[in-house]
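Here is how names work: the chains are called A, B, and so on, in the same order as the sequence lines, proteins then strands, and each is numbered from 1.
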Protein chains: 2
Amino acid sequence: MFKKYNVIVVGAGHAGCEAAAAAANLGSSVLLITMNMGTIAQMSCNPAMGGVAKGQIVREIDAMGGYSGIITDKTSLQFRMLNKSKGPAMWSPRAQSDRARFAEEWRLALERTPNVDFWQDTVTSLLVKNNTICGVKTSIGIEIEADSVVLTNGTFLNGVIHIGEKRFGGGRTGEKAATGLTEQLVELGFESGRMKTGTPPRVDGRSLNYSLMEEQWGDEERGRFSYTDVELANDQRCCWITYTNSKVHETLKEGFERSPMFTGRIKGLGPRYCPSIEDKINRFAERERHQIFVEPEGWNTVEIYVNGFSTSLPEEIQYKALTQIPGFETVKMFRPGYAIEYDFFPPTQLSLTLETKLISNLYFAGQINGTTGYEEAASQGFMAGINAHQKINDKHELILKRSESYIGVLIDDLVTKGTEEPYRMFTSRAEHRLLLRQDNADIRLSPIGHDLGLINDQRLEKVNNKVKNSDDIVAYTKARSIDPSNVNTLLDSLETSPISQGAKLFNLLSRPQVAFTDLRKADSALDELLSKYDKETVEQAEIKIKYESYFEKEMDIVDRMKKMEDREINAAFDYHTLQSLSKEAREKLMKIKPRTLGQASRISGVSPSDISVLMVHMSR
Amino acid sequence: MFKKYNVIVVGAGHAGCEAAAAAANLGSSVLLITMNMGTIAQMSCNPAMGGVAKGQIVREIDAMGGYSGIITDKTSLQFRMLNKSKGPAMWSPRAQSDRARFAEEWRLALERTPNVDFWQDTVTSLLVKNNTICGVKTSIGIEIEADSVVLTNGTFLNGVIHIGEKRFGGGRTGEKAATGLTEQLVELGFESGRMKTGTPPRVDGRSLNYSLMEEQWGDEERGRFSYTDVELANDQRCCWITYTNSKVHETLKEGFERSPMFTGRIKGLGPRYCPSIEDKINRFAERERHQIFVEPEGWNTVEIYVNGFSTSLPEEIQYKALTQIPGFETVKMFRPGYAIEYDFFPPTQLSLTLETKLISNLYFAGQINGTTGYEEAASQGFMAGINAHQKINDKHELILKRSESYIGVLIDDLVTKGTEEPYRMFTSRAEHRLLLRQDNADIRLSPIGHDLGLINDQRLEKVNNKVKNSDDIVAYTKARSIDPSNVNTLLDSLETSPISQGAKLFNLLSRPQVAFTDLRKADSALDELLSKYDKETVEQAEIKIKYESYFEKEMDIVDRMKKMEDREINAAFDYHTLQSLSKEAREKLMKIKPRTLGQASRISGVSPSDISVLMVHMSR
Ligand SMILES: Cc1cc2nc3c(=O)[nH]c(=O)nc-3n(C[C@H](O)[C@H](O)[C@H](O)COP(=O)(O)OP(=O)(O)OC[C@H]3O[C@@H](n4cnc5c(N)ncnc54)[C@H](O)[C@@H]3O)c2cc1C
Ligand SMILES: Cc1cc2nc3c(=O)[nH]c(=O)nc-3n(C[C@H](O)[C@H](O)[C@H](O)COP(=O)(O)OP(=O)(O)OC[C@H]3O[C@@H](n4cnc5c(N)ncnc54)[C@H](O)[C@@H]3O)c2cc1C
């Protein structure tokens, strides 16, 4: 009934969808098996993509030929570049999407990907021979063969939903949990753990009083995730901001004794940085209020997502507390918030390609690896899909460096350090974040996507032009001077000191107060030049002018660390033979099997002196 | 957390959606509780509305102010008026809809209905006091009060899905079953039964070879369901026809010994008139081939519905058989067909308002009553929603007559005769079908909708104008003569005999060969008159001219039967006191408690002589 596939992807969440698309676009025949074809790329929680550090990840996926950015752009209701007032390394795109359209567009995109086949079913076990994956078995008893399998089960493995004291099996509200797989994997030698996450109640927008809230509009000049020319909707939707207060907090506390988290019924660890509202008022008892983002779920629906109010307290407590929030006095709920506990597999059991160490050609991606967030999931899926294809075709692995991408940081962190709680990306996790910006993800990564064959020549050429043209602009500003008489009025109006003799445009632009948009008004030749280029190119030039010196310093650091980063360690190396290593280091190194000295240095429990021992040994 | 509602509707299938909308539009506060807000108005089986007799029902719902026709028009990919070559009583509109859009538009329509609130949850029991409903209890333990409850659980009550020898709980593929309710109702004294239905596999349109199939396009002049001015899509999608053959049949037979139907694993009775393919080749062994309609599931998706191939044979048999159908040689399946068994409640336990006889203010509508089909479900939901509202407001019941609507026939059949197998509407079930046409549903029923307040003055006026204007046209044709010289060439070309002297237009139009479209070419005054009216009005006039005499005869019959139909029987009447009734009649009459002598006469087991006994008694 089924041919043998190159790659089977289990689960069509964000990870699974990117995995299927990537492997298929590289040329693998792919079967995407998912429990319900009606919930492909379902956003389980908030209908938004991006945000700080996460937005950068979406840009990185897009730069290499993944779909997440395109789908987000196609379906976005509102776009904002967060942190615009900070340095460009902090700029982070975020978009609200129409939840239904997002899922639909993903499905259509996959349907339009010729090598992707679909099968609606639940995978209940894996077919393994000689520690190598050879296919899957489904709930209706079918066995399907494959060279490679990517597991992206999300929150579904033995999922248990909690609302107050009630608990029931489920992978998401209204959906079944997936059983069997964890047990089999544990039998095969995998270690599994338990995590939890939560989601806020959904409410009826018709029952809210928006006049009591602050409006929050998208950026006037609307940005985008994808470096391709996706058509954007003409208008945007408004969101709103409101706040909890002490009454809300008191009400929520009434439910604490029935909270599945506080009473210990939930064993799994939750995401510290996506805390539930009860967590927030518990941990930050001194805070008098917390922000609530009131976000529409779609262009047309009245359903509203109450961002910031994730909770698993009893539903009547949720309700009562909601009614005490300004604007929510007469709120009607559509469904309560809930928490979900699920199995994950500590990602230290993976190699940097996301292949499991125990079973060849078996890959894990997404929430199953202990991460949280669509973007984190999507990027892992993308990488796993690529690596699955590359391996079975004896092609080179794709391992991104920490200095070239957030995705590299994410996977290196997971595989090297593991994670005790749901792992979420932050800019602070990336030591070279100055280089890992949303504006240059294409410059950093499109050559890699092109090399793989996921990005066509045209797209690469566009990137190369952006680099060349922005360099030309920079060079121009370094060459061209402007007279005081032509620019001092402008400088004055920008509250920066006037010049007394001709100055290079470059030097003026280096001042934080002066931007191209200002200067081009004062210099028609500059204006003419800039008008030849698109927005992104001009922006790139401006970022270079203003921050190049910082970037160069960062590049120096990267270069200096490169030696260690690139110093490969034989995977078969037996650390037990090196008696001068600490006992803990020996054990951890045996477990993680780092690929490079750099990776070894990031393993917790491996000290700088252990690294010295290794270096000495390796240079013999 | 919840206020007390006027009406709670359990389940948001076709029945539940119409029930919620109707009650809310009449002024009731309505809470629609459904297991998953993502599957509101999900089409469980084929993505099409209407068809023979069913299309008439949709028109009837629309004529009274229901939503099904509007939603279908908004989302239709293809429209065909079936049976156009037969008399107008057989004309039946049918439309393919985009499955996802259909569900979405229904949800949006309900969201735009101010009195409808939503709650995503599963109802697990009913709150009953003194044999009167007073609310529901849900799976998360909430009790919600209401004056009235409409149950529309569809195929979900203890649903069990069968594919070959495998069986698992579920209300639809990928969805949970609903448990608890049947058991409670049985405890309350209800009788329950088991039925089954099935659905075909879904396949990947990219894997089909359409050049081996026949194209089937929609009507060039696209019709519509709704009497309102819903905007229709500009184009239509093609469907295809192909056929099974003896090879396909042989392959299917290989699976018979593992068929859940033939091996007796499925106990419930299936719809005789929507048979599975295995049923067809079993029952019609002499037929060499069966038609397969290949229908797209939406505007953009590649998913294809294989109409005519409903099956619960093992999935590999389904697959193998499919590959032997012309055009399906390289088919890829998305998911197998399956059968589902579910609980229903014999509808003789209901009164003609769809209220249960045992529990006041509790209504059943849709598949729970042993029917099959979206249209049957929607119409019951519509009627139950209306009657629930009317009763709690001490307003008159709405019981439609058999002579005025298919809906009347449907409900009278169900309540009076019950049903042993899934009940589907046919034109043959309506003794007065000549009068129950799709072209006059508005004339028959809009005054009722207007009287209730579901149809505004404008809409009623439009109907009244249609009547008046079509009468004017008829009168005109009766008055106006045409000369032989002006019309004989035309008559000749239409292959009907020429006239020798002036003839009334009416008389010419009475000929089956002559239509307005022809005659207006020959008579510019007629043409001018007709061009003042819309298509429907002219069509109405034409139908009157051609068939009025038949209609009048039918009306006579209705009138003659009216006496008996209208003769009401006291609901409290104790038939046991009438010893001259047969024993069976006494029992059946006590059970059904017919409202009129007419209804009594249709109860199986009640003979004409029993009716005479009743008549004699009643005229005392
Ligand atoms: C209640 C809830 C709250 C959340 N809150 C947050 C939050 O606050 N912040 C945040 O960043 N993230 C949150 N998330 C997490 C976010 O949804 C996930 O990070 C993201 O969806 C993970 O993507 P994924 O592809 O790994 O898995 P998922 O999106 O969960 O997709 C898994 C897919 O696999 C399918 N599947 C599972 N098992 C099988 C099987 N055996 N056979 C076939 N198919 C299978 C499922 O049907 C599904 O399609 C939340 C998730 C949930 C459920
Ligand atoms: C597999 C399959 C094949 C079919 N084949 C055919 C066919 O060939 N021809 C044909 O005419 N018809 C067919 N049908 C029937 C058709 O789908 C139904 O007639 C129609 O959908 C019935 O509408 P309904 O509103 O009664 O119920 P449904 O459409 O089944 O809707 C029931 C709704 O109630 C909800 N629900 C159920 N229980 C609860 C609860 N306890 N609490 C809250 N919500 C609840 C469900 O989530 C769902 O939304 C088939 C149905 C199925 C499932």
> Which pair of non-hydrogen atoms, one from B:Phe334 and one from A:Arg107, has the smallest distance, and what is that distance?
Replying inline: CE1-NH2, 4.2 Å
>> Is A:Pro336 close to chain B through its backbone or its side chain, or both, or neither, when contacts mean heavy atoms under 4.5 Å?
In response: both
> Roughly how far apart are B:Ile140 CD1 and A:Tyr338 OH, rounded to 0.5 Å?
Replying inline: 12.5 Å
>> When you compare the side chain of B:Asp117 with that of A:Arg206, does any pair of heavy atoms fall below 4.5 Å?
In response: yes
> By a 4.5 Å heavy-atom criterion (distance strictly below it), what part of B:Val116 contacts chain A: side chain, backbone, both, or neither?
Replying inline: backbone
> Rounded to the nearest 0.5 Å, how far does OG1 of A:Thr39 lie from CG of B:Asn36?
Replying inline: 9.0 Å
> So which part of A:Met333 gets closer than 4.5 Å to some heavy atom of chain B, the side chain, the backbone, both or neither?
Replying inline: both
> Based on non-hydrogen pairs under 4.5 Å, which of A:Arg112, A:Met35, A:Lys320, A:Glu104 is most in contact with chain B?
Replying inline: A:Glu104
>> Please classify the contact between A:Leu110 and chain B as side chain, backbone, both or neither, with a heavy-atom cut-off of under 4.5 Å.
In response: backbone
> Based on non-hydrogen pairs under 4.5 Å, which of B:Gln42, B:Glu316, B:Lys332 is most in contact with chain A?
Replying inline: B:Lys332
> Which one, A:Ile142, A:Asp204, A:Asp121, leads in non-hydrogen pairs under 4.5 Å with chain B?
Replying inline: A:Ile142
> For the candidates A:Glu303, A:Glu111, A:Lys166, which exhibits the highest count of non-hydrogen atom pairs separated by less than 4.5 Å from chain B?
Replying inline: A:Glu111
> In Å, rounded to the nearest 0.5 Å, how long is the span from CG of B:Asn300 to CG of A:Leu108?
Replying inline: 5.5 Å
> What distance do A:Ile317 atom CD1 and B:Met1 atom CE have between them, rounded to the nearest 0.5 Å?
Replying inline: 10.5 Å
>> Does atom NZ (B:Lys3) have a neighbourhood of more than 12 heavy atoms from anything else shown, all under 6.0 Å?
In response: yes
